[in-house]
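Just below is one structure, and these are the notes that go with it.
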4 protein chains.
Amino acid sequence: MMIIMRTDATPPQIETVVKRVEEFGLRAHLSQGEERTIIGAIGDRRPVNMDHFLHLPGVDRVVPISRPYKLASREFSPLNSAFLLDGVMIGADPVVLIAGPCSVESRSQLLETAFAVREAGAHALRGGAFKPRTSPYSFQGLGEEALELLAEAHQATGLPIVTEVMSPEQVPIVARYADVLQVGARNMQNYTLLNAIGQSQNTVLLKRGMMATVEELLMAAEYILAHGNRRVILCERGIRTFETATRNTTDINAIPVLKSLTHLPVILDPSHSTGHWEYVTAIARAGIAAGADGLIVEVHQNPEEARSDGAQSLKPERFVQLVTQVQAVAIAIGRSLAPAPARKDVVDI
Amino acid sequence: MMIIMRTDATPPQIETVVKRVEEFGLRAHLSQGEERTIIGAIGDRRPVNMDHFLHLPGVDRVVPISRPYKLASREFSPLNSAFLLDGVMIGADPVVLIAGPCSVESRSQLLETAFAVREAGAHALRGGAFKPRTSPYSFQGLGEEALELLAEAHQATGLPIVTEVMSPEQVPIVARYADVLQVGARNMQNYTLLNAIGQSQNTVLLKRGMMATVEELLMAAEYILAHGNRRVILCERGIRTFETATRNTTDINAIPVLKSLTHLPVILDPSHSTGHWEYVTAIARAGIAAGADGLIVEVHQNPEEARSDGAQSLKPERFVQLVTQVQAVAIAIGRSLAPAPARKDVVDI
Amino acid sequence: MMIIMRTDATPPQIETVVKRVEEFGLRAHLSQGEERTIIGAIGDRRPVNMDHFLHLPGVDRVVPISRPYKLASREFSPLNSAFLLDGVMIGADPVVLIAGPCSVESRSQLLETAFAVREAGAHALRGGAFKPRTSPYSFQGLGEEALELLAEAHQATGLPIVTEVMSPEQVPIVARYADVLQVGARNMQNYTLLNAIGQSQNTVLLKRGMMATVEELLMAAEYILAHGNRRVILCERGIRTFETATRNTTDINAIPVLKSLTHLPVILDPSHSTGHWEYVTAIARAGIAAGADGLIVEVHQNPEEARSDGAQSLKPERFVQLVTQVQAVAIAIGRSLAPAPARKDVVDI
Amino acid sequence: MMIIMRTDATPPQIETVVKRVEEFGLRAHLSQGEERTIIGAIGDRRPVNMDHFLHLPGVDRVVPISRPYKLASREFSPLNSAFLLDGVMIGADPVVLIAGPCSVESRSQLLETAFAVREAGAHALRGGAFKPRTSPYSFQGLGEEALELLAEAHQATGLPIVTEVMSPEQVPIVARYADVLQVGARNMQNYTLLNAIGQSQNTVLLKRGMMATVEELLMAAEYILAHGNRRVILCERGIRTFETATRNTTDINAIPVLKSLTHLPVILDPSHSTGHWEYVTAIARAGIAAGADGLIVEVHQNPEEARSDGAQSLKPERFVQLVTQVQAVAIAIGRSLAPAPARKDVVDI
């Protein structure tokens with residue numbers, strides 16, 4: 001950390017800061033400019049709270065030098081991390097597509113959609129059992145019943161299951177049914193949840209909060225990694241800005257930025273990041289072109305009947321077009337779609 | 001809700017929308033303009049998902065008419081709600097000051113600060129036992145030990161206790177020790193937590209998420225109210241914007257806006273909303289001038305030793321100045337400071 | 001426009017609004033809900049200020065129905081507009097690349113870069129003569145001398161010239177030298193400039209303000225169109241958000257949104273929208289994948305010597321890679337790169 | 001400036017940076033940490049473009065140390081600047097109120113409002129002659145006719161005149177009629193306008209752009225100061241955020257932040273910063289409580305007839321209440337309202 005003194009800081013003030021740096025077991029390195037003095041606090045990597053210096057007289061600002069995350073950083077692990085999800089590899093060169101309804105609404109709705117997205121080329125099935133909804137009066141998900149339906153859909157299609165977990169108590173039960181535990185955007189900084197998930201063995205899909213910086217997303221991942229679970233997939237799903245033409249603003253920059261800062265897989269959710277089905281395919285193409293390792297897309301047989309997020313859900317036939325176009329873009333940049341997971345037994349729907 | 005058709009919508013498309021409106025048990029009211037048709041969906045107050053109409057051909061936009069919250073709205077309860085916190089009334093005309101350290105760090109730190117803020121004129125004591133921290137490597141709070149110290153501080157000073165609860169499991173234990181359960185900004189949309197708190201009897205201090213609109217804050221309050229707990233205090237604590245000169249941007253507009261939309265008490269946290277102690281007093285004055293029912297302020301005996309948020313904590317002597325100035329502003333706008341809560345027995349610190 | 005009354009509006013208040021609607025020569029259409037009344041103001045397309053109704057007692061909100069722009073809208077002109085720039089067509093199916101230095105710094109710098117980007121496949125040359133700089137102490141551009149160098153570069157390479165104009169007085173002189181007048185992001189709502197440009201015959205490259213909505217960008221275009229100049233190209237160049245990992249946030253959603261709302265060509269500036277050369281190529285690919293009609297990219301022979309924007313400028317060899325990759329993506333989505341403009345005479349550099 | 005090297009930077013890379021620092025006539029100061037090297041570039045205050053270092057291999061980031069503005073900084077001039085406006089001092093302890101209509105619409109409208117705000121206690125009259133409007137189809141102001149009416153209102157009431165200037169050519173004519181040249185938010189970075197105004201002798205009211213940081217506002221002021229005009233008043237008028245409950249978000253923090261960073265007077269525009277007349281008075285009180293040196297408020301005899309900004313204009317009787325309340329708050333914090341300017345001759349309206 002660099003402590004930047006005010007231009008009118010006195011020698012005793014500078015000395016006080018130096019002493020304080022040394023109290024923390026760090027070495028103080030003075031840099032005497034024409035205008036002001038800068039004090040470097042040099043030492044091991046133990047984090048020292050910058051706040052400790054901001055109240056000292058004569059201090060103007062404190063600038064952090066080291067990045068606050070370690071296990072998530074590319075310096076920690078220069079090679080890309082890749083995880084096997086029941087037969088599908090994510091984080092490797094081939095691109096992975098996760099698709100399915102926003103919420104599990106019924107057995108037939110889920111199975112029809114599951115088969116449809118599998119036929120279209122999806123590698124994993126998403127579907128919400130526990131739904132975080134802005135209104136207490138909105139549909140909150142079918143809960144455990146939905147988890148059972150997801151397990152059945154997994155049996156039927158062979159697709160690994162991605163579903164959201166909303167609180168620490170839900171982790172064991174969701175982990176019993178699902179391959180990937182999703183942490184929703186609103187819970188990105190729900191630290192008791194991150195800790196509980198960090199103690200599980202499941203792969204995690206960590207969605208970026210709608211107002212979280214890239215660095216905060218990496219710090220949230222660091223919580224999970226530091227608790228022992230190294231299987232974290234990051235997901236850009238749009239941030240909140242002043243623009244109201246779309247539900248969120250897709251931070252497409254975050255894709256190459258994250259790929260340069262971390263070894264973890266990075267995917268894009270073009271459904272939430274746009275909020276309108278008309279724009280989903282264009283942004284899905286853009287995400288792959290920007291270097292994303294995969295996509296998570298909302299698909300519904302009858303979006304106009306969906307109990308949540310109908311406006312941003314694709315009909316299966318539009319998802320087929322999305323897959324074709326995304327595949328062409330993947331190939332154009334030297335990647336490909338991942339191979340389909342092995343089929344399981346067919347059920348009667 | 002009003003369904004706005006495209007300018008090129010055909011009569012059969014309009015008819016389909018009308019039919020669908022009627023399927024939901026609503027009445028369709030057509031408004032035929034020169035340029036386009038608008039269809040009002042009129043009926044009882046049951047919420048119908050706007051998404052159901054966005055996929056229908058010929059539909060341009062859907063505009064909601066009713067506000068999505070009911071119990072939190074001023075229409076539901078035109079008079080201001082006020083709650084008694086162990087002898088201190090909040091939400092009534094007199095202004096209430098909550099003060100104390102960001103985190104409980106030790107018995108002496110807490111008690112010294114508690115007595116100092118009481119002497120200065122505070123009406124309640126804040127102090128974190130469970131701390132949500134961006135980094136897994138930062139101090140996470142003393143947990144239950146801190147709760148016991150807070151209870152002791154309450155005994156010693158008579159000040160009601162405000163402390164944060166981070167997960168549903170913590171609700172019973174925190175409720176045993178504290179008068180007011182605080183929901184932190186990062187958990188404003190942690191719905192399992194809101195539901196658990198809604199089932200408790202404690203007063204709740206609900207902080208606005210740094211990315212939440214005023215309407216979303218009211219929807220989060222609605223979760224708690226709808227679960228049976230009507231004792232909710234709202235807290236503006238700064239929102240995230242592009243400006244980096246301060247930690248957050250105090251949304252001072254939110255004070256009069258909330259006072260006009262809801263009957264719930266509204267307070268301001270100038271410590272988090274600025275992030276720099278130099279600006280806390282000016283913004284505290286502004287909050288009261290704008291109509292806030294109270295303030296929550298971070299105070300620490302030695303901010304430069306604080307284990308969290310030192311940069312934005314006031315020393316006790318500066319808090320004394322804040323109280324004096326805030327009182328003058330309160331009187332200027334026809335309010336006053338609330339009377340001090342009754343003293344309890346003095347402990348040896 | 002729809003005027004939404006409060007739930008407690010009285011019949012005389014409703015009547016007053018109706019009368020006022022009629023005073024503006026509009027027809028009032030009442031929609032009586034269970035909860036409140038909504039009054040539609042129906043009539044010809046003359047814009048009526050919504051503010052006229054907000055002060056009337058009993059009025060809750062006013063919702064606009066018509067879009068505020070007309071000439072820029074796709075409803076006005078369903079087919080894509082395309083303009084010929086000295087042999088290069090922009091707005092048609094083939095994708096157009098504009099490249100060159102941020103500022104014109106010297107004859108050799110400009111000509112070397114011009115030849116390099118032409119070899120790499122660029123279709124037009126950008127270069128700043130008048131530079132809007134945040135600091136009055138920064139390099140402000142070579143002015144008219146730069147315009148002459150741009151004209152020479154045009155002679156030498158055949159590339160049409162794109163350069164910024166900062167004030168109404170500069171329009172005639174810049175129009176004499178350049179093919180395309182660029183309006184910078186900071187001047188997007190400089191209406192005297194927009195009016196002056198609207199009266200010229202040159203093609204215009206209108207950059208989105210860093211805090212302008214898509215609708216405001218279209219309204220700025222409407223200023224130019226309404227003054228008689230129909231040759232407007234829109235340019236997304238990143239918006240300002242809370243994220244600091246990149247200089248701006250590329251609003252990639254704006255590409256498909258604009259393509260659906262307007263007939264005007266839409267291009268992306270990945271240099272400004274990221275601010276870091278490392279991310280420019282990934283975001284250039286994403287822009288084309290999302291449907292942009294072209295790109296404008298900063299290229300400099302020695303970015304570390306550049307007098308402005310060096311951090312986001314590509315070296316020519318990296319621009320070669322960008323072109324190759326962008327071309328592959330264009331082909332993947334069924335488009336291509338535009339053919340090179342005809343060569344002119346070669347100069348001795 | 002501090003150049004922060006990557007953790008894997010090699011000694012030759014560090015040497016290259018050092019050499020480059022020295023090429024700019026600066027001294028390089030190495031700080032060798034456990035993890036990485038930091039190179040301070042120390043020397044005189046000449047600004048060196050940070051971009052020159054970002055392309056060098058091994059460089060991670062560059063951190064500026066000096067503030068980019070000088071003449072505007074409090075270090076340059078520790079005492080508050082105060083200017084006399086035709087008998088009214090702004091920037092001194094007493095608080096100044098500027099009020100009047102958004103646009104000058106007619107002689108009677110202007111004079112009636114001018115007398116009303118003077119009676120209520122305003123010290124200066126605002127009124128738009130040239131109006132920057134989002135739509136080319138909206139009322140654009142009466143132009144020079146309005147300037148003449150403003151001059152007449154000045155004669156009649158003795159109130160100094162504040163009016164907006166939109167382009168360099170307008171500066172001489174507006175300066176002939178007005179005491180204070182206003183630079184609107186959309187033109188805050190219109191540098192040709194800032195330069196022209198910097199060469200005039202008039203006092204300037206510089207409004208913060210809705211997307212401008214506090215530092216950028218100070219840089220815009222620096223443009224004017226550096227061109228020789230030292231009479232600059234800064235005005236916070238709300239910034240653009242994700243919140244839609246109000247037209248803008250009043251950045252109340254900016255008041256104490258600016259007062260600490262600069263010696264220039266700082267005022268607040270609660271009309272634009274809220275956009276709703278219901279909130280104007282509360283936010284006006286907050287602005288004074290936060291330390292603003294004055295207010296600029298929109299007042300209209302018949303807001304529902306106003307040709308612009310009616311929704312945020314106060315009726316004269318409400319402005320009377322605002323003045324009373326603001327005066328009480330000013331006194332509470334140890335300030336007062338400035339004395340009224342001397343009356344001039346009365347005209348027949």
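The model shown is predicted, which means the values in this text are computed figures rather than measured ones. Below, chain A is the first sequence line, B the second, and so on; all start at residue 1.
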I'd like a table of all donor-acceptor pairs linking chain B to chain D (distance under 3.5 Å, no angle check), giving the atom names and the distance to one decimal.
residue, atom, partner, partner atom, Å
B/Arg208, NH2, D/Glu243, OE1, 2.7
B/Val214, N, D/Glu243, OE1, 2.7
B/Glu243, OE1, D/Arg208, NH2, 2.7
B/Glu243, OE1, D/Val214, N, 2.7
B/Thr246, OG1, D/Asn253, ND2, 3.3
B/Asn248, O, D/Asn253, ND2, 2.9
B/Thr250, OG1, D/Asn253, OD1, 2.5
B/Thr250, OG1, D/Asn253, ND2, 3.4
B/Asn253, OD1, D/Thr250, OG1, 2.5
B/Asn253, ND2, D/Thr246, OG1, 3.3
B/Asn253, ND2, D/Asn248, O, 2.9
B/Asn253, ND2, D/Thr250, OG1, 3.4
B/Asn253, ND2, D/Ser273, O, 2.9
B/Ser260, OG, D/Tyr279, OH, 3.4
B/Ser273, O, D/Asn253, ND2, 2.9
B/Tyr279, OH, D/Ser260, OG, 3.4
B/Arg285, NE, D/Ala289, O, 2.6
B/Arg285, NH2, D/Ala289, O, 2.9
B/Ala289, O, D/Arg285, NE, 2.7
B/Ala289, O, D/Arg285, NH2, 2.9

What residue in [options] has the most heavy-atom pairs under 4.5 Å with chain D?
{"options": "B/Ala328, B/Pro256, B/Ala254", "result": "B/Pro256"}
{"options": "B/Gly238, B/Gly291, B/Ala282", "result": "B/Ala282"}
{"options": "B/Ile252, B/Val329, B/Ile333", "result": "B/Ile252"}

What part of [X] gets within 4.5 angstrom of chain D, counting heavy atoms only: side chain, backbone, both, or neither?
{"X": "B/Leu261", "value": "neither"}
{"X": "B/Ala212", "value": "backbone"}
{"X": "B/Ile283", "value": "side chain"}

B/Ala99: side-chain contact (heavy atoms from CB on, under 4.5 Å) partners, not counting sequence neighbours: B/Val117, B/Ala122, B/Val299, B/Phe319
Heavy-atom proximity to chain B below 4.5 Å, by part of D/Ile255: neither
Non-hydrogen atoms of B/Ala286 and D/Ala290 that approach each other most closely: CB-CB, 4.0 Å
